[in-house]
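In what follows, a single structure is set out as structure tokens and then discussed.
In the text below, chain A, chain B and the rest are named by the order of the sequence lines, each starting its count at 1.
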2 protein chains.
Amino acid sequence: MSSEQKSADGPRAGARPPGRPPRLELATIVGAARHILETEGPAGLSMRRLAKEVGSTPMALYRHVRDKDELMLLAVDGLAATVPRPELPADPRERVHVTALHMHDVLWEMPWVVDIISLGELTDRHALWMVEEIVDSAMACGLGESDAVHAYRSIWHFVLGTLVFRSAMARRARQPDRPRYFMEMLREADPAEMPRLAALSDRWPEVLDGYDVARELRAVVDGLLDRRPAR
Amino acid sequence: MSSEQKSADGPRAGARPPGRPPRLELATIVGAARHILETEGPAGLSMRRLAKEVGSTPMALYRHVRDKDELMLLAVDGLAATVPRPELPADPRERVHVTALHMHDVLWEMPWVVDIISLGELTDRHALWMVEEIVDSAMACGLGESDAVHAYRSIWHFVLGTLVFRSAMARRARQPDRPRYFMEMLREADPAEMPRLAALSDRWPEVLDGYDVARELRAVVDGLLDRRPAR
DNA sequence: ACCTGAACACCGTTCAAGT
DNA sequence: ACCTGAACACCGTTCAAGT
């Protein structure tokens with residue numbers, strides 16, 4: 001999907017279309033939506049709020065987008081093209097590592113994109129090169145076609161989970177008056193029943209603070225690339 | 001967090017409390033909420049709908065729960081106690097595998113729980129044994145304390161990502177009139193630029209269909225357990 | 001102490017009418 | 001062809017009043 005396809009549905013340029021001329025453009029709407037998403041997150045985006053932003057009425061938007069879902073997909077679409085591709089090393093295993101980490105790092109900077117992607121589908125063709133790169137390099141590492149595709153998907157699951165978890169933590173942190181159930185549970189852990197957690201409870205935040213996504217991703221990718229072939 | 005804590009805030013049993021006797025009980029509210037969540041998912045749960053379900057008004061609920069967020073956490077709380085623990089093998093690596101897969105399998109059957117957890121925090125103390133088990137067994141496999149905790153977290157990221165992705169796919173599938181952007185993009189992939197994806201495009205659904213979470217989880221866990229220690 | 005009703009400040013979307 | 005206004009069917013939550 002790309003924005004051009006959408007506007008290409010209109011009358012040919014140069015023709016004199018009948019009826020009222022458009023005052024609102026899809027690009028304006030999507031741009032304003034993106035701006036709201038970037039500054040206030042998905043919670044801040046409503047059709048009514050967006051209409052105000054572009055100086056129009058909620059219903060005018062529905063001339064240009066099917067519904068809010070489509071609008072959010074359009075807001076995400078095209079973003080990958082704005083991010084420069086990383087330099088890839090020669091070694092195929094390293095290529096998988098770098099590409100997977102790139103996938104993570106780019107989305108890490110755009111939390112609102114994660115919130116939208118996590119309820120939909122990949123729609124940006126400029127992001128496809130990462131799928132190709134990981135599948136191709138995984139095969140160069142000796143994986144069969146299916147295993148390479150599955151490795152790609154597992155890497156995506158890990159990256160998505162990492163980002164969704166971070167998102168959830170950030171959400172909780174924004175409500176500081178609420179109890180920290182997990183920490184409380186750790187503190188109350190019975191050392192006889194849960195010796196490791198009881199011993200760890202004091203240092204839990206520090207230990208988690210030392211979590212290094214790049215290092216974890218490396219271990220996960222290695223596991224996926226080193227497995228024995230299926231059957 | 002557990003339901004008893006909450007109800008223990010009330011007057012002592014045996015005392016004759018002044019004022020109007022309660023007609024609504026927290027357990028009733030949480031039970032009804034759970035029922036709605038199980039049958040209709042998080043989208044079906046609203047305070048107004050829930051009030052109707054228990055034969056009361058929306059505002060009566062706020063005597064018993066702080067807000068909708070707390071209600072949803074209470075609905076999730078206690079679920080782990082209803083699931084029997086799996087038999088664990090003796091070998092520590094196998095223990096990690098079995099526990100991690102158990103974590104996945106249990107939540108796989110409760111998609112609505114994933115939707116709630118993915119915007120909050122683990123709150124059920126009866127689920128803590130899985131954290132303990134994975135950390136302890138990972139250490140028995142030779143990992144240091146920090147690495148074991150990080151391995152646990154990475155396993156959780158992978159499981160969460162797997163479930164969130166499935167949730168997103170299911171959501172898309174429920175709207176069959178909407179375009180399948182990803183498949184379209186694959187079909188249009190330029191073989192010169194993306195040879196792997198172009199070659200795969202026809203068989204993509206079948207290949208994904210062969211995705212086996214248990215096998216992927218095994219590879220991911222092995223990668224995390226086999227890595228070199230930090231520093 | 002507990003519950004109710006009315007109200008506030010919102011939602012996404014449909015429909016009929018205007019330009 | 002495009003935009004507007006009013007309306008429908010909802011939200012979560014606060015506040016003041018009732019029992």
Contiguous pairing runs of three or more, Watson-Crick or G-U under 3.5 Å, that involve DNA chain D
C:4-8 with D:12-16, C:12-16 with D:4-8

Please compare B:Glu25 and A:Asp69 by the position of their nearest nucleotide in DNA chain C and report the one closer to 5'.
B:Glu25

Once side-chain contact (heavy atoms from CB on, under 4.5 Å) is applied, do any residues pair with B:Asp212, and if so which ones, sequence neighbours excluded?
B:Ala214, B:Arg215

Salt bridge (charged side-chain N to carboxylate O under 4.0 Å, His left out) involving A:Asp136 - partner list, sequence neighbours excluded
B:Arg196

Hey, are A:Glu188 and B:Arg125 close enough for a salt bridge, meaning a charged N less than 4.0 Å from a carboxylate O?
yes

Pairwise N/O distances under 3.5 Å, protein to nucleotides 7-9 of chain C:
none

Check DNA chain C against residues 50-62 of chain B and give the residues with a non-hydrogen atom under 4.0 Å, in numerical order.
B:Ser56, B:Thr57, B:Met59, B:Ala60

Could you go through the side chain to side chain donor-acceptor pair (under 3.5 Å) check for B:Glu133 and B:Thr99 one step at a time?
CA-CA 7 Å; B:Glu133 185 57 54; B:Thr99 308; 4.9 Å; no

In this structure, how many angstroms lie between the P atom of C:dT13 and the CD atom of A:Glu70, rounded?
11 Å

What residues, two or more places apart in sequence or in another chain, satisfy side-chain hydrogen bond (donor to acceptor under 3.5 Å, both in side chains) together with B:His150?
none

Looking at B:Leu197, is its backbone amide N or carbonyl O close enough to the side chain of A:Glu132 to form a donor-acceptor pair, meaning the two atoms are under 3.5 Å apart?
yes

Check side-chain contact (heavy atoms from CB on, under 4.5 Å) between B:Ile117 and all other residues, then give those that pass, not counting sequence neighbours.
B:Leu107, B:Val113, B:Trp156

From CZ of B:Arg63 across to P of D:dG18 the rounded distance in Å is 16 Å

Quick one: list whatever passes side-chain contact (heavy atoms from CB on, under 4.5 Å) with B:Arg171, sequence neighbours left out.
A:Asp69, A:Leu119, B:Arg174

Under 4.0 Å between a side-chain N or O of A:His64 and OP1 or OP2 of D:dC3?
yes

How would you list all residue pairs meeting salt bridge (charged side-chain N to carboxylate O under 4.0 Å, His left out) that involve residues 24-40 of chain B, not counting sequence neighbours?
B:Glu40-B:Arg49

Do A:Asp124 side-chain atoms and A:Ala80 backbone N/O form a donor-acceptor pair below 3.5 Å?
yes

Please list residues of residues 28-45 of chain B whose heavy atoms come under 4.0 Å from any atom in DNA chain D, ordered by number; otherwise none.
B:Leu45

Check the orientation of A:His157 and B:Tyr211. Use parallel for under 30°, tilted for 30 to 60°, and perpendicular for over 60°.
perpendicular

Listed by chain and number, what are the side-chain contact (heavy atoms from CB on, under 4.5 Å) partners of A:Ala148, not counting sequence neighbours?
A:Val135, A:Ala138, A:Met139, A:Leu143

Could you list the residues that satisfy salt bridge (charged side-chain N to carboxylate O under 4.0 Å, His left out) with A:Asp67, not counting sequence neighbours?
B:Arg178

When the P atoms of C:dC10 and D:dA9 are compared, how many Å lie between them, rounded to an integer?
22 Å

Span that lies between the C1' atom of C:dC11 and that of D:dC8, in whole angstrom
12 Å

